[in-house]
There are 2 protein chains.
Amino acid sequence: MSNSTPATIEDVARIANVSIATVSRAIHMPEKVANSTRLKVNQAIAVTGYTTNAMARSLRLGRSNMILVVAPDIGDPNFSNILIGLENEARSHGYGILIGHTQNDAQRGLEYLKFLNSNQAAGLILFTGILPFGHQTMTARLPPSVGVFEPVFNGGIPYVGVDDIAGARKAVDLLIAEGHRKIAFIGDSRTRLAYSRRRMGYEAGMDAADIGADLRIVFEGDGTIESGRLAVEQLFMRDTLPTAFMCVNDQTAIGVMIGLKARGYDIPGDFSVTGFDDVPQAVFMTPSLTTIRQPRTAIGKHAMALLLELLSDGQPTETEILLLPDLVVRNSVSAPSRIRR
Amino acid sequence: MSNSTPATIEDVARIANVSIATVSRAIHMPEKVANSTRLKVNQAIAVTGYTTNAMARSLRLGRSNMILVVAPDIGDPNFSNILIGLENEARSHGYGILIGHTQNDAQRGLEYLKFLNSNQAAGLILFTGILPFGHQTMTARLPPSVGVFEPVFNGGIPYVGVDDIAGARKAVDLLIAEGHRKIAFIGDSRTRLAYSRRRMGYEAGMDAADIGADLRIVFEGDGTIESGRLAVEQLFMRDTLPTAFMCVNDQTAIGVMIGLKARGYDIPGDFSVTGFDDVPQAVFMTPSLTTIRQPRTAIGKHAMALLLELLSDGQPTETEILLLPDLVVRNSVSAPSRIRR
DNA sequence: ACGTTATATGTAAAGGTTTACATAGCATGG
DNA sequence: CCATGCTATGTAAACCTTTACATATAACGT
């Protein structure tokens, strides 16, 4: 029966011939109410099509059932896949997820802060490393929060990400196993902590193989396609050429491939290339890119699970969850050609 | 001053030495309150850091400030870009956006329906053509809604999408202008209305050039990469080969390119290929794919604007907004080679 | 100077829940 | 058979707003 106005708890109570308190209990603490009455209530609920008014409930409870997810850029392909994990986990626990993006705009950050202050979200998921609320943060009351991908700089917030060191290690180990010795690292240790960890993985791998990083072929870019292309240009001007390019992320790897192809080289015939992240287009490159895959959906799931734990317990059981990323072998790596000087 | 508990309208009233009604008015109907008191109130708000409790407000108003966005798959790259448009427009009007995905699962659809019933969303944005609520829909009270991409089958809901006919026409016109006459259409008119419209655009273009569609080279797939590859296999078994493949979407085009390359053909030297959508990887294909670009952010913006209009006016001014997509010329199209039989 | 109207503010109810506290019934143990 | 405690239910307050209605004050016309 769909009347014009939604059924309230009072309608249910009247039909079931009990008080509204009993209805509420029958719904939220079923063990506290007698079998017979629980039955009556359930029937009344079915008849009326009652759904508890979330706003009234949230108001009374002083806490909403929404989780705010803030990312610098929701167009980022990384983002949407993590979203799936987040959403599934949240929904199955009765939470909805709200999304926002800051575009690195302070004004927007402020808006979200107001939003949080008005109690619209019970928890907060933050992407990529910064609280987008500027210096306001100090005075702000943030709800339970967890970071995704990277630790959050200006707040002691637990996070879930990927073990960048171990991931990078897998890439460098593969290259070494293929026989490479002169392995360039095209990196970006400035903008993101995750990236500097990848460099640590690279160095650890080189050390473990008793090669050691040759600083002449470690290049610092900014993680963009262009920076990868630029790295190739620069390295070709120096005397020491690598046989393989291990890149801090797929974007950089794509740039490197473009640069190499522009000079007429064959990949992996002349040079091997690896990336990190496994962005969607990695598989469509020619050759397809060997890279380290971010377990995106799993990250989302774990992040939300951690947040929900925070919401109920108050205390985080762990302050950092690092997932182990997989190596995905495609066609951009082979043994070094012998005709390299 | 950040106390443990957020300031309420009462705190503000006390400090400004007015009643709570006046505070409320000062915020929402400033012209109704004297300049001097408005000033006092604003100061008190600044002092307390007051933000109106959205849940209480929504409860009183009987309507939330959230828009629910439901998509079959939020991992879809189309989705995230539209999200940007949606979010910007919503946020700038004081609305937040909630996202959900159904994965074509009826159970999930039901959950969202309950969600809507509990008044958590003032409006609904639906992706791709179906109300995910099954037969429940008839009895359901849906909030104001708008569809994105395609009309919503089982409900008279306005939508904003792209002019698929005009878009397809641009692709076919380009091919014809390059000199192609035997243009295959690799389509999928079953799953989505948008796709069948693209075929209409194709046929209109062929007719306009007095060529007419040759049904022997019109192939019905299902819009996947695999279906594109399959189309190539099938066409090569027939007697009439096209010189160009116009594909219903980029996925299909990618499949066609894979199939063509597997047979050793050069694109666009031997065959030209066009897509539709301009998915992110289109630019990374070799050759990069000439296609029709969905104005994604604009679609999101228009959809949200239309919904907000519905929310205030009640009546939609238009039942269908069709945006004109652009042709983006890349490297998968050239004049037909003369050595084609 | 007085009645009328406009303007500014206050009072209190209502919106739908949850839950502390009160109450009633009933079983248990001595 | 009574005191005690437990179980099931009800009553009413509280959560924070918005707004219809009431009231007070000022302005105005005659």
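By convention in this document, chain letters (A, B, ...) are assigned in the order of the sequence lines, proteins followed by strands, and residues within each chain are numbered from 1.
Distance CG (Asn65(A)) to P (dT17(C)): 14 Å, rounded to an integer number of Å. The nearest whole Å value for the distance from the CZ atom in Arg63(B) to the C1' atom in dT19(D) is 14 Å. Look at CD1 on Ile27(A): it is 11 Å from C1' on dT18(C), rounded to the nearest Å. One atom, NE2 of His28(B), and another, P of dC16(D), lie 15 Å apart when rounded to the nearest Å. In this structure, Ile9(B) places its CD1 atom 14 Å from C1' of dT9(C), rounding to the nearest Å. Rounded to whole Å, the distance from NZ on Lys40(A) to P on dA8(D) is 14 Å. The distance from atom CG of Asp11(B) to atom C1' of dC16(D) is 11 Å, rounded to the nearest whole Å. Between the CZ atom of Arg14(A) and the C1' atom of dG16(C) there is a distance of 14 Å, rounded to whole Å.
Pairs of residues two or more places apart, or lying in two chains, that qualify as salt bridge (Lys or Arg N to Asp or Glu O under 4.0 Å) and include a residue from residues 13-31 of chain B are Asp11(B)-Arg14(B). The salt bridge (Lys or Arg N to Asp or Glu O under 4.0 Å) pairs that include a residue from residues 299-311 of chain A are Glu89(A)-Lys301(A), where partners are two or more places apart or lie in different chains. Identified under the ring pair (Phe, Tyr, Trp, His ring centres under 6.0 Å) test for residues 20-54 of chain B, with sequence neighbours left out: none. Every pair tested for salt bridge (Lys or Arg N to Asp or Glu O under 4.0 Å) that includes a residue from residues 36-54 of chain B fails, sequence neighbours excluded, so the list is empty.
Atom NE2 of His101(A) is separated from atom CD1 of Ile84(B) by 6.0 Å, given to the nearest 0.5 angstrom. Rounded to the nearest 0.5 Å, atoms CZ (Phe149(B)) and CZ (Arg296(B)) are 7.0 Å apart. Taken from OG in Ser24(A) to CZ in Arg60(A), the straight-line distance is 9.5 Å, to the nearest 0.5 Å. To the nearest 0.5 Å, atoms CG (Leu307(B)) and CD1 (Ile125(B)) are separated by 5.0 Å. Atoms CD1 and CD1, from Ile27(B) and Ile9(B) in turn, are 5.5 Å apart once rounded to the nearest 0.5 Å.
Partners of Thr319(A) according to the side chain to side chain donor-acceptor pair (under 3.5 Å) rule, which considers only residues two or more places apart in sequence or in another chain, do not exist here. Every residue two or more places apart in sequence or in another chain that forms a ring-ring contact (aromatic ring centres under 6.0 Å, His included) with Phe79(A) is listed here: Phe127(A). Evaluation of the salt bridge (Lys or Arg N to Asp or Glu O under 4.0 Å) rule for Arg91(B) yields Glu87(B) as partners, not counting sequence neighbours.
When each of Ile299(B), Val146(B), Val148(B), Ile97(B) is tested with Met304(B) by the rule side-chain contact (heavy atoms from CB on, under 4.5 Å), just one qualifies, namely Ile97(B).
Between the Ser145(A) side chain and the Pro143(A) main chain, a donor and an acceptor come within less than 3.5 Å of each other.
Residue Glu10(A) qualifies as open at atom CD: its count of foreign heavy atoms under 6.0 Å is 12 or below.
For residues 29-37 of chain B, proximity to DNA chain C is found at Val33(B), Ala34(B), Thr37(B), defined as any non-hydrogen atom under 4.0 angstrom from a strand atom. Sorted by residue number, the members of residues 55-62 of chain B with any non-hydrogen atom under 4.0 Å from DNA chain D read Ala56(B), Arg57(B), Arg60(B), Leu61(B). Residues from residues 16-26 of chain A with heavy atoms under 4.0 angstrom of DNA chain D, sorted by number: Val18(A), Ser19(A), Ala21(A), Thr22(A), Arg25(A).
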Identify each atom pair where a protein N or O and an N or O of nucleotides 25-27 of chain D are less than 3.5 Å apart, giving names and distance.
none

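In the helix from dA1(C)-dT30(D) to dG30(C)-dC1(D), the rotation axis of the first five pairs and that of the last five pairs differ in direction by 40°, rounded to 10 degrees.
With contacts defined as side-chain heavy-atom distances shorter than 4.5 Å, the pair Leu113(A)/Leu142(A) qualifies.
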